[in-house]
Undergrad: 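Let me begin by handing over the structure; questions about it come next.
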Amino acid sequence: MRSFSLKECAISVALAAGLIIGMPSLDSSPMAYAANPSLPDLSVLISGPPIKDPGALLRYALPIDNKAIREVQKPLEDITESLKVAGVRGLDSVERNVKQASRSLKQGKSLIISGLAESKKDHGVELLDKLEIGMEELQQIVEDRNRDAVAPKQKELLKYVGDVEEDMVDSFPYEVPEEYRSMPLLKGRAAVDMKVKVKDNPNLEECVFHIVLDGYNAPVTAGNFVDLVQRHFYDGMEIQRADGFVVQTGDPEGPAEGFIDPSTEKTRTIPLEIMVDGEKAPFYGSTLEELGLYKAQTKLPFNAFGTMAMARDEFENNSASSQVFWLLKESELTPSNANILDGRYAVFGYVTENEDFLADLKVGDVIESIQVVSGLENLVNPSYKIAG
């Protein structure tokens, strides 16, 4: 069984605010290393704090354009920062967040409803009613000074917001290029639960990681993974790399470095697939650097702890097959497009529950199972259903 090599390609620049550190490059060739990247433009590095919450990243990645719902979403997300302030001042800040969100919902409700897909309108309106009631309950929680109850209620409300936003997506928004159209494609989102048996750790024996896969922005990459999950490809496979930077698996036993499709007896590979803000469809087969898009913002950035992406050969963009990795670093000081992973590797999802436990995984820990728990209906051309 083969593990991937990783070479530190750190860059750093001293700033008044601290030290910006570039991330190492990940590749699937034992002798292939990425060249040191050019130093990003200073204005990019200090343009603002990145969004690190996987739920927020997934909400902003939806193919919608409804300012009214975003104006409800933002102050609810800001509660997380408010709670970092100790004592009464923190709760006062939370109260301002709640009032702003409530005001935005009342003022923008008709615009939000008008943005719902016709086929999902009734469901979306029902969610908005629940959201209104929930915000009143959160307001009462704050007035009662029940600080411990704020975060769970915030999570509930943001789930409603995200579901409303998903109800604004009527259909898959673009055509996948013809050469990839017959591959397994995830035309929407799906969620999987990955159960891992942890060895030699008295504090953690078994853990279930909930992962949301985003086919809106990576239909080929996410579709390939869901198809492999349905084949039980990963069940019983060990964690093959855990170095403090990434956790990685997906290299099957034997000489093959990826999934051998039994119908062709060849390794199934998928193209590099990256969606950029402002584009209607992903770019295929080229890194953003190769395309000259040095400042482009990826829709699914490497910002969150537990970002999930495809591993590939460093010098072959379209060589990804079955090997996947989860990032164990946050872009605390490195905004999207200023690190050296964004635009080079295909992100297709985020761990949204128990992501912190990824850091406890070790080489040899076993993936007992990965199961699709929602969204399987969004998988088209499922090869796992074809005999042989």
Undergrad: Return yes if a side-chain donor-acceptor contact under 3.5 Å exists between Gln154 and Asn97, otherwise no.
TA: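 No - no donor-acceptor pair under 3.5 Å links their side chains.
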Undergrad: Say you draw a straight line from CG of Asp251 to CD of Gln248; how long is it, rounded to the nearest 0.5 Å?
TA: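 One gets 8.5 Å once the value is rounded to the nearest 0.5 Å.
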Undergrad: According to side-chain hydrogen bond (donor to acceptor under 3.5 Å, both in side chains), who are the partners of Glu206, at least two apart in sequence or on a separate chain?
TA: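 For Glu206 there are no side-chain hydrogen bond (donor to acceptor under 3.5 Å, both in side chains) partners, ignoring immediate neighbours.
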Undergrad: Could you see if Phe283 belongs to whatever hydrophobic cluster contains Tyr216? Use Ile, Leu, Val, Met, Phe, Trp, Tyr and a side-chain cutoff under 4.5 Å.
TA: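 Cluster IDs for Phe283 and Tyr216 differ.
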Undergrad: Are the side chain of Asn354 and the backbone of Val208 linked by a donor-acceptor contact shorter than 3.5 Å?
TA: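 Yes.
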Undergrad: Determine whether the side chains of Ser383 and Asp227 contain a donor N or O and an acceptor N or O closer than 3.5 Å.
TA: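 A pair is found: one side chain offers a donor N or O, the other an acceptor, under 3.5 Å apart.
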Undergrad: Quick one: does Gln323's side chain have a donor or acceptor within less than 3.5 Å of a partner on Thr249's backbone?
TA: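 Side chain of Gln323 to backbone of Thr249, a donor-acceptor pair under 3.5 Å: no, none is there.
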Undergrad: What pairs with Arg145 under side-chain hydrogen bond (donor to acceptor under 3.5 Å, both in side chains), at least two apart in sequence or on another chain?
TA: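 Result, side-chain hydrogen bond (donor to acceptor under 3.5 Å, both in side chains) vs Arg145: Asp92.
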Undergrad: Is it the case that atom CG in Asp144 sees more than 12 heavy atoms from other parts of the structure closer than 6.0 Å?
TA: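 Yes - once you tally the heavy atoms of other residues, nucleotides and ligands closer than 6.0 Å, there are more than 12.
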Undergrad: Can you tell me how far CG of Leu76 sits from CG of Leu131, rounded to the nearest 0.5 angstrom?
TA: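 Reported to 0.5 Å precision, the distance equals 6.5 Å.
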Undergrad: Salt bridge check, Asp214 against Arg189: does any charged N sit closer than 4.0 Å to a carboxylate O?
TA: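 A salt bridge links Arg189 with Asp214.
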Undergrad: Check step by step if salt bridge (Lys or Arg N to Asp or Glu O under 4.0 Å) holds for Glu165 and Arg70.
TA: CA-CA 9 Å; Glu165 292 173 349; Arg70 298 299 195 200; 3.2 Å; yes
Undergrad: Are side-chain heavy atoms of Val150 and Leu91 found at a separation under 4.5 Å?
TA: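 Contact flag for Val150/Leu91 side chains = yes.
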Undergrad: Salt-bridged, Lys130 to Glu156, with N to O below 4.0 Å?
TA: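 Salt bridge flag = no for Glu156 with Lys130.
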Undergrad: With Leu116 as reference, evaluate Leu127, Val125, Asp170 under the side chain to side chain contact (heavy atoms under 4.5 Å, CB included) test and give the passing residue.
TA: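 Output: one option passes, namely Val125.
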Undergrad: Would a single hydrophobic cluster contain both Phe325 and Ile274, if residues Ile, Leu, Val, Met, Phe, Trp and Tyr are joined by side-chain heavy-atom contacts under 4.5 Å?
TA: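 No; Phe325 is not reachable from Ile274 via cluster members.
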Undergrad: Using atom types as modelled and distance alone, determine if a side-chain donor or acceptor of Thr269 lies under 3.5 Å from a backbone N or O of Ala320.
TA: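 Checking the backbone N and O of Ala320 against the side chain of Thr269, no donor-acceptor pair under 3.5 Å is found.
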Undergrad: Start with the C-alpha distance between Glu355 and Phe209, add both sets of side-chain angles, then the distance that settles side chain to side chain contact (heavy atoms under 4.5 Å, CB included), and finish with yes or no.
TA: CA-CA 7 Å; Glu355 62 267 27; Phe209 300 94; 5.7 Å; no
Undergrad: For the backbone of Leu272 and the side chain of Asn318, can you confirm whether one donor and one acceptor N or O come within less than 3.5 Å of each other?
TA: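 Such a contact is found between Asn318 side chain and Leu272 backbone.
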Undergrad: Is a salt bridge present between Lys266 and Asp261, judged by a nitrogen-to-oxygen distance below 4.0 Å?
TA: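 Asp261 and Lys266: not salt-bridged.
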Undergrad: Could you give the distance from NZ (Lys197) to CG (Leu204), rounded to the nearest 0.5 Å?
TA: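 Reported to 0.5 Å precision, the distance equals 10.0 Å.
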Undergrad: Please say yes or no: joined through hydrophobic side-chain contacts below 4.5 Å, possibly via intermediate residues, are Val72 and Ile113 part of one cluster?
TA: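 Looking at the clustering, Ile113 is in the same group as Val72.
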Undergrad: Determine whether the side chains of Glu95 and Gln139 contain a donor N or O and an acceptor N or O closer than 3.5 Å.
TA: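 A donor-acceptor contact under 3.5 Å links the two side chains.
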Undergrad: Can you tell if the side chain of Ile112 reaches within under 4.5 Å of the side chain of Met168, non-hydrogen atoms only?
TA: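 Sidechains of Met168 and Ile112: in contact.
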Undergrad: Donor-acceptor check, side chain of Ser319 to backbone of Glu316, threshold 3.5 angstrom: yes or no?
TA: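 Confirmed, Ser319 side chain pairs with Glu316 backbone.
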Undergrad: Using the rule given for side chain to side chain contact (heavy atoms under 4.5 Å, CB included), can you reason through Val98 versus Ile79, listing the C-alpha separation, both sets of side-chain angles and the distance that settles it, and then say yes or no?
TA: CA-CA 8 Å; Val98 177; Ile79 288 172; 4.1 Å; yes
Undergrad: If we only count heavy atoms from C-beta on, is the Thr298 to Met275 side-chain gap below 4.5 Å?
TA: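 Side-chain contact under 4.5 Å: no.
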Undergrad: Measure from the side-chain N and O atoms of Lys120 to the backbone N and O of Val169, and report whether any donor-acceptor pair falls under 3.5 Å.
TA: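 Yes; at least one donor-acceptor contact below 3.5 Å.
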Undergrad: Quick one about Arg312 and Ser321 (side-chain donor to acceptor, distance below 3.5 Å, no hydrogens or angles considered), yes or no?
TA: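 Side chains of Ser321 and Arg312: no pair found under 3.5 Å.
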Undergrad: Just verifying a value: how many Å separate Leu288 CG and Arg344 CZ, rounded to the nearest 0.5 Å?
TA: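 One finds 10.0 Å between CG of Leu288 and CZ of Arg344.
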Undergrad: About how many Å separate OG of Ser102 and CD of Glu136, when rounded to the nearest 0.5 Å?
TA: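 Output value for this atom pair is 7.5 Å.
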Undergrad: List for me each residue that meets side-chain hydrogen bond (donor to acceptor under 3.5 Å, both in side chains) alongside Asn381, sequence neighbours excluded, and say none if there are none.
TA: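 Applying side-chain hydrogen bond (donor to acceptor under 3.5 Å, both in side chains) to Asn381 gives none.
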Undergrad: Please determine whether a side-chain nitrogen of the Lys or Arg among Glu81 and Lys84 lies less than 4.0 Å from a carboxylate oxygen of the Asp or Glu.
TA: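 A salt bridge links Glu81 with Lys84.
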Undergrad: Step by step, work out the side chain to side chain contact (heavy atoms under 4.5 Å, CB included) result for Met194 and Val229.
TA: CA-CA 10 Å; Met194 181 174 73; Val229 166; over 6 Å; no
Undergrad: Before giving the answer on salt bridge (Lys or Arg N to Asp or Glu O under 4.0 Å), spell out for Lys74 and Glu77 the whole-Å C-alpha distance, their side-chain angles and the decisive distance to 0.1 Å.
TA: CA-CA 5 Å; Lys74 181 64 166 61; Glu77 290 172 345; over 6 Å; no
Undergrad: Inspect the contact between Arg181 and Glu178 and indicate whether a charged nitrogen and a carboxylate oxygen are less than 4.0 angstrom apart.
TA: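 Not counted as a salt bridge, because no side-chain N and carboxylate O are separated by less than 4.0 Å.
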Undergrad: Hey, any chance Tyr384 and Ile270 share a hydrophobic cluster, counting ILVMFWY side chains that come within less than 4.5 Å of each other, even indirectly?
TA: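 Yes.
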Undergrad: Is Asp129 salt-bridged to Lys109, going by a charged N under 4.0 Å from an acidic O?
TA: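 Judged by the 4.0 Å cut-off on N to carboxylate O distance, Asp129 and Lys109 do form a salt bridge.
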Undergrad: Between Asn303 (side chain) and Leu57 (backbone), is there a donor-acceptor pair under 3.5 Å?
TA: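 No, the answer is negative, given that no donor and acceptor are paired below the 3.5 Å cut-off.
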Undergrad: With a cut-off of 6.0 Å (strictly less than), are more than 12 heavy atoms of other residues, nucleotides or ligands near NZ of Lys106?
TA: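 Open: at most 12 neighbouring heavy atoms sit under 6.0 Å from NZ of Lys106.
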Undergrad: Give the intermediate values and the outcome of side chain to side chain contact (heavy atoms under 4.5 Å, CB included) for residues Thr80 and Asp53.
TA: CA-CA 10 Å; Thr80 301; Asp53 176 70; over 6 Å; no
Undergrad: Using a strict cut-off of less than 4.0 Å between a Lys/Arg side-chain nitrogen and an Asp/Glu carboxylate oxygen, indicate whether Asp243 and Arg241 qualify as a salt bridge.
TA: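 Answer for the salt bridge query: yes.
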Undergrad: Taking everything shown except Lys121 itself, do over 12 heavy atoms lie less than 6.0 Å from its NZ?
TA: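 Above 12, so yes.
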Undergrad: Output all residues satisfying ring-ring contact (aromatic ring centres under 6.0 Å, His included) with Tyr284, sequence neighbours left out; order by chain, then residue number.
TA: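 In terms of ring-ring contact (aromatic ring centres under 6.0 Å, His included), with neighbours along the sequence ignored, Tyr284 is linked to Tyr180.
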Undergrad: Return the set of residues passing ring-ring contact (aromatic ring centres under 6.0 Å, His included) with Phe348 (not counting sequence neighbours), or none when no residue passes.
TA: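 Result, ring-ring contact (aromatic ring centres under 6.0 Å, His included) vs Phe348: Phe225.
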Undergrad: Quick one: does Arg147's side chain have a donor or acceptor within less than 3.5 Å of a partner on Gly87's backbone?
TA: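 Yes, the answer is positive, given that a donor and an acceptor are paired below the 3.5 Å cut-off.
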Undergrad: Strictly distance-based, threshold 3.5 Å: is any side-chain N or O of Asn66 a donor or acceptor partner for the main-chain N or O of Ala68?
TA: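 Side chain of Asn66 to backbone of Ala68: a pair is present.
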Undergrad: Could you tell me the separation between the CE atom of Met237 and the OG atom of Ser322, rounded to the nearest 0.5 Å?
TA: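 If I round to the nearest 0.5 Å, the distance is 6.5 Å.
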Undergrad: Answer yes or no: does atom CD of Glu377 have more than 12 heavy-atom neighbours from other residues, nucleotides or ligands under 6.0 Å?
TA: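 Yes - once you tally the heavy atoms of other residues, nucleotides and ligands closer than 6.0 Å, there are more than 12.
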Undergrad: Around Gln371, counting heavy atoms of other residues, nucleotides and ligands shown, do more than 12 lie under 6.0 Å from its CD?
TA: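 Not more than 12 within 6.0 Å, no.
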Undergrad: Apply side chain to side chain donor-acceptor pair (under 3.5 Å) to Arg103 and Gln100, showing your working.
TA: CA-CA 5 Å; Arg103 185 166 56 250; Gln100 182 181 346; 5.4 Å; no
Undergrad: Quick check: is Ile370 connected to Leu376 through a chain of hydrophobic side chains (ILVMFWY, heavy atoms under 4.5 Å apart)?
TA: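 Shared cluster, yes.
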Undergrad: Could you tell me which residues satisfy side-chain hydrogen bond (donor to acceptor under 3.5 Å, both in side chains) with Gln230, sequence neighbours excluded, listed by chain and number?
TA: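 side-chain hydrogen bond (donor to acceptor under 3.5 Å, both in side chains) check on Gln230 returns nothing, list empty.
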